There are 2 protein chains.
Amino acid sequence: MRPAKQLSFDTISKDKFIAYLLSSKAKQEMVELCCRLTQILGLPRSTGQIFGLLYFSSSPLSLSQVCEMLGISKASASTGTRQLVTWGALRKVWIPGERKDYYEALSDFGQLLRGGYGTIVKPRMSSSIIRLKKIEDSLNDDLKSNIITTEDHKFIKSRLDKIKKGHNKLIRFAPIIEKMIGL
Amino acid sequence: MRPAKQLSFDTISKDKFIAYLLSSKAKQEMVELCCRLTQILGLPRSTGQIFGLLYFSSSPLSLSQVCEMLGISKASASTGTRQLVTWGALRKVWIPGERKDYYEALSDFGQLLRGGYGTIVKPRMSSSIIRLKKIEDSLNDDLKSNIITTEDHKFIKSRLDKIKKGHNKLIRFAPIIEKMIGL
DNA sequence: TAGCTTGTTCAATTTCTATTGAACAAACCA
DNA sequence: TGGTTTGTTCAATAGAAATTGAACAAGCTA
């Protein structure tokens, strides 16, 4: 009895590889390692696992394969991959004749760091900084209406300045750090 | 009617200042700003608030004052300050004749970053890296017992190497980054 | 068109973390 | 000693975030 559909060499080798990832002890350790690294950036565990799996997969995988191999739900896989794609850690691969989306990890691990920095740290920083000017204003008002002593006002002002200075420094150095992080 | 205990100038000015922190709109904004910045490092909100309060206080505050002014429990205040002290963001101040512990924030905001990096990122990194060697071993075993093709083995090996390389780079650059971050 | 495959979204649930109240320990005082 | 003040610890609770099942949308096939 012949298989209904003849398997190409590529398909066979791919299936073998997936079977390996599913069975091997090393695989679990690899995914776990990668997962841990990505979790440093504050990613959910499931998302970390997805990246780990794809980072060590020599061929792109579909969503359903990711679900099956990691034992997570379609929903998690969908949201996880989307996030990783927007961060630039994964990329969609179009396989001709296939209706499924396939994903592969960029070898540049640093892309993940940069993505995380750009979407988590940076916006929070700037949204915080926007308020600085407002705070300084109400602080000056407090001084004028004698709610606060000149001395205390001076102290608070100096601390605010420190934050401003630090922020500027970070802004200035950020591109350099980003480049250095390019793993 | 005279107050039972004559207040020194210092005490009066301090009480005034605390009243200011309690009442002012600017205070809430300041604490919130600082809180947000510290939360970037993954600190609990209450801990962030403690740091924010002390960062903008011109005099050291006791635990009970922190509780009262932030409306948090003794337990949170105790654990929060302890963590901040071990990170080097706060320091205990001994006031002669007082039985309470007083705390003040170090003006060096970067100390917090370094503390967070040292106690959160660094250990996770190294504990992850320890496993690298182990993974490589089981990978080689898999190759020998023909569970995996030479090709796939090569691919996985290259990805592991990338992680190793990236880790080394981070280790090498960490001190430089730490210095640059010194706000 | 109906039926099938694939991916997304969202309310409900589970899981994890932060926070708290209360019991405890330590140091001081009278 | 007993009482008071201060700080710590921990089990229980409240709160936030991740995960999921299920309903939905979009695209293809016949």
Side-chain angles (χ1 to χ4, degrees), chain A residues 4-5 31-32 35-36 38-54 60-87 90-104 116 119-120 124, chain B residues 4-5 31-32 35-36 38-54 60-87 90-104 116 119-120 124:
Chain A
K5 195 181 175 185
V31 172
E32 207 191 307
C35 175
R36 236 185 263 197
T38 53
Q39 276 193 287
I40 294 177
L41 300 173
L43 284 174
R45 165 145 71 255
S46 65
T47 308
Q49 288 182 112
I50 294 170
F51 182 76
L53 178 62
L54 288 166
L61 301 176
S62 70
L63 262 196
S64 44
Q65 284 174 319
V66 169
C67 293
E68 205 185 335
M69 293 166 77
L70 294 175
I72 64 178
S73 70
K74 252 200 317 174
S76 291
S78 177
T79 55
T81 49
R82 190 145 38 86
Q83 186 163 25
L84 287 166
V85 167
T86 63
W87 283 19
L90 294 186
R91 124 181 125 182
K92 272 193 188 181
V93 178
W94 294 89
I95 293 187
E98 281 277 0
R99 277 169 63 190
K100 297 181 190 176
D101 294 339
Y102 281 79
Y103 296 91
E104 74 178 4
T119 58
I120 292 184
R124 289 200 214 175
Chain B
K5 195 181 175 185
V31 172
E32 206 190 307
C35 175
R36 236 184 264 197
T38 53
Q39 277 194 285
I40 294 177
L41 300 173
L43 283 174
R45 166 145 70 254
S46 65
T47 308
Q49 288 182 114
I50 295 170
F51 182 76
L53 179 62
L54 288 166
L61 301 176
S62 70
L63 261 196
S64 45
Q65 284 174 319
V66 169
C67 292
E68 206 183 336
M69 293 165 78
L70 293 176
I72 63 177
S73 69
K74 252 200 318 175
S76 291
S78 176
T79 55
T81 48
R82 190 145 39 89
Q83 185 163 26
L84 287 166
V85 167
T86 63
W87 282 19
L90 294 186
R91 124 180 127 186
K92 273 194 188 182
V93 179
W94 292 90
I95 294 186
E98 282 276 1
R99 277 169 63 190
K100 298 180 190 177
D101 293 340
Y102 281 79
Y103 295 91
E104 75 177 4
T119 59
I120 292 184
R124 290 200 215 175

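Predicted, not measured: the structure shown is a model, and the values here were computed from it. Convention: sequence-line order gives letters A, B, ...; per-chain numbering from 1.
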### Query
What is the distance from CD of B/Q65 to P of D/dT5, rounded to the nearest Å?
16 Å
### Summary
By salt bridge (charged side-chain N to carboxylate O under 4.0 Å, His left out), A/E98 pairs with (sequence neighbours left out) none
### Message
Using whole Å, what does the distance between atom C1' of nucleotide D/dG7 and atom CD of B/Q83 come to?
### Response
17 Å
### Message
Considering every strand and a 4.0 Å limit on heavy-atom distances, what is the contact class for A/S76: base, sugar-phosphate, or nothing?
### Response
base
### Query
Any side-chain heavy atom of B/W94 sitting closer than 4.5 Å to one from B/D101?
yes
### Message
Could you tell me if the side chain of B/Y103 sits less than 4.5 Å from the side chain of B/P60, heavy atoms only?
### Response
no
### B/T79 vs A/T79, nearer the 5' end of DNA chain C by closest nucleotide
A/T79
### Task
To the nearest Å, give me how far apart CZ (B/R99) and P (D/dG7) are.
9 Å
### DNA chain C: 5'-most and 3'-most nucleotides touching chain B, 4.0 angstrom heavy-atom criterion
C/dA18 to C/dC28
### Task
Taking the side chain as every heavy atom from C-beta outward, state whether B/T47 and B/T38 have any pair of such atoms under 4.5 Å apart.
no
### Task
Take the protein atom CH2 of B/W94 and the nucleotide atom P of D/dT6, then report the distance between them rounded to whole Å.
13 Å
### Query
To the nearest Å, how far apart are A/I72 CD1 and D/dA17 C1'?
16 Å
### Query
Is there a side-chain contact between A/Q83 and A/L43 (heavy atoms, below 4.5 Å)?
yes
## Note on the structure
Here the distance between atom P of D/dT19 and atom CZ of A/R45, to the nearest Å, is 7 Å
#### Entry: For the student: nearest non-hydrogen atoms of A/K100 and A/S64, plus distance
NZ-OG, 3.6 Å
#### Entry: N or O in side chain of A/S73 less than 4.0 angstrom from D/dT20 OP1/OP2
yes
### Task
Calculate the interatomic distance between B/L43 atom CG and D/dA16 atom P; express it in whole Å.
17 Å
### Query
Expressed in angstrom and rounded to an integer, what is the separation of A/L70 atom CG from D/dT20 atom P?
10 Å
### Query
For the atom pair CD1 (A/I50) and OG1 (A/T79), what is the distance rounded to the nearest 0.5 Å?
7.0 Å
